Amino acid sequence: MTMPRTKTAAVTLTQFPIREDTSDNVDNTQASDMEADDTDSVEDNSSQEGQSTEDEEIDEDVADEMGHFLSSFKGLEDRYRLINRIGEGTFSTVYKAEDLQYDQYQNNWDITNKNNSPWRQHTRKPSKSRREPRYVAIKKIYVTSSPMRIFNELDLLRDLREHDAVCPLITALRHQDQVIAILPYFQHQDFREYFREMTIADMRPYFQCLFTSLAAVHKRGIIHRDIKPTNFLYNPAQNYGVLVDFGLAERQGTDYIACNCELSPSARQWRLEMSAIHQGHFDHLPANSYPKSDRDTRPSRRANRAGTRGFRAPEVLYKCTAQTTSIDIWSAGVILLTLLARRFPFFHSADDIEALLELTHIFGKKRMAQAAVMHGTIMETNIPSYSENGHSLEKIVMWSTDRSRKDKDGNRQRMPADEEEAVEFLGRCLELDPFKRITAEQALRHPFITRAGMADADEDDVALFS
Ligand SMILES: Nc1ncnc2c1ncn2[C@@H]1O[C@H](COP(=O)(O)OP(=O)(O)OP(=O)(O)O)[C@@H](O)[C@H]1O
């Protein structure tokens, strides 16, 4: 008889009760929350360590580390055979492992068993042989993560388990203060290996998959908060990818405080006109306004800024207190910009102020100042090289790919039509106003996406990047 994964556990293991109290046995005094909030920032320092095969040699240190992990987590070696370390991030280490007790459980998560699943066409055919190894990814969450953070990730993953475009949670286990999440192993390629070669025709299915995942996540009112290439596991050979890492995700509306951006444009304009800054003097402050230089007296604004540097939307940088799922669309736009510009990482700021300056360089002082006012804050810079109106995204892409110079007859290179379409879509994702930014549902109806799989633009692609 097979059993549902979440109802059974080896006697020696503490099965992680996803919806129950998780604090038992976890030393709360030790658990320092590494979650990025108002003060912390996360860098994209996760590494993918290749898609190991079993023949591949394993680094001695990794072998030692895996041995220690197996021996310290009671009962783990009866259930899983660790094969290799496949990823190391800010909050966890991920291992590839063989599921030794696969046949003892109901495996509803297994895409190879699903009929009518879009995953089915992207994965190997179900095998009749019961002996074929089944692989999982074991995410060993660092013990320094707070129990609430771990609970949040597992809870959201559980909510999203029915979605083919999100890597589902099989189960989670706890031994003392160590929590591990078991996910299906998804064969993918490291972004750094393919981003330079991707043609526009290759980008379409990539974003079709990514936006399908985002549409599913956003439909449930969940903000992923950490959309970046290492969190979208993509297999270019199969044109298929899944979203992982809900460690920073949250339900929209958590810690919500009203923000200026929700006002109607006329109400916002009225507020601006009444502000001391707009009037340029502080002798007669209108009611309910702040003087310009009051840093010592006014508490600083707090908002969730969790995410990875370079991928944060402007409203996150401006500490908007009413952030929505559209922050994920911005981050997806940054991935597209990376692909079109052939530069990774595209943005490389050390902190949020630098990140705002990088954006100002592209979008210009005027639009960045307008975006700031939208969220009830002021953005000023005296850096002389920044222009008032910034540059078009088309120009940025042409510069980045070394196509901005005129030819010997003085003509500028033109962007091929399919690339123009991609840049137009990019502009819809990198819209400074979150309310005007395209949604995931709308993105799936955009021609850049709907043309995925059509052999439309191969000639242009070849001409462009050869
Ligand atoms: N289901 C999976 N199948 C294959 N590889 C995976 C899977 N889940 C995670 N990985 C690998 O492990 C890496 C780290 O995983 P994850 O992003 O969940 O951890 P993290 O510690 O939160 O990382 P980060 O610092 O990027 O937020 C991924 O980039 C990927 O290479």
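Just so it is clear, the structure is predicted and the values come from calculations on it, not from any experiment. Atoms within each ligand, like the ligands themselves, are counted from 1 in listed order.
- Separation of the F232 and Y206 ring centroids falls under the 6.0 Å cut-off.
- Here the two rings, on F195 and F344, have centers that are under 6.0 Å apart.
- The parts of T90 lying near ligand 1 are both backbone and side chain, judged by heavy-atom distances below 4.0 Å.
- At under 3.5 Å, not a single nitrogen or oxygen of Y185, backbone or side chain, sits near a nitrogen or oxygen of ligand 1.
- In summary, the atoms of ligand 1 found under 4.0 Å from a heavy atom of N231, numbered by their order in the structure, are 17 (O), 26 (O).
- Backbone and side-chain nitrogen or oxygen atoms of F91 are examined, and one is located within less than 3.5 angstrom of a nitrogen or oxygen of ligand 1.
- Checking Y142 against T90 by side-chain atom types alone, no donor-acceptor pair falls below 3.5 Å.
- Side-chain atoms of Q189 and N235 include no donor-acceptor pair closer than 3.5 Å.
- Listed by number with element, the atoms of ligand 1 under 4.0 angstrom from any heavy atom of K139 are 16 (P), 18 (O), 19 (O), 22 (O).
- The proximity of Q187 to ligand 1, defined as any non-hydrogen pair under 4.0 Å, does not occur for either the backbone or the side chain.
- Considering backbone and side-chain N/O of T230, one or more are found under 3.5 Å from N/O of ligand 1.
- Remark: H391 NE2 is packed, more than 12 non-hydrogen atoms of other residues, nucleotides or ligands lying under 6.0 Å away.
- The closest non-hydrogen atom to atom 6 (C) of ligand 1, taken over D226, D245, L233, comes from L233.
- Between A137 and ligand 1, not a single N/O pair is under 3.5 Å apart.
- Contacts between C167 and ligand 1 below 4.0 angstrom, taking non-hydrogen atoms only, involve the side chain exclusively.
- Here E88 has no heavy atoms under 4.0 Å from ligand 1, in either its backbone or its side chain.
- A cation-pi arrangement, defined by a distance under 6.0 Å to the six-membered ring centre and an angle within 45 degrees of its axis, is absent between K140 and Y95.
- Every residue two or more places apart in sequence or in another chain that forms a side chain to side chain donor-acceptor pair (under 3.5 Å) with R437 is listed here: E315, S326.
- If you look at K96 next to ligand 1, there are no close heavy atoms at all, none under 4.0 Å.
- Cation-pi geometry between R309 and F347 is not satisfied (NZ or CZ under 6.0 Å from the ring centre, within 45° of the ring normal).
- Near G87, the atoms of ligand 1 lying under 4.0 angstrom from a non-hydrogen atom of the residue are 12 (O), 13 (C).
- Scanning for salt bridge (Lys or Arg N to Asp or Glu O under 4.0 Å) contacts around D328 gives an empty result, with sequence neighbours left out.
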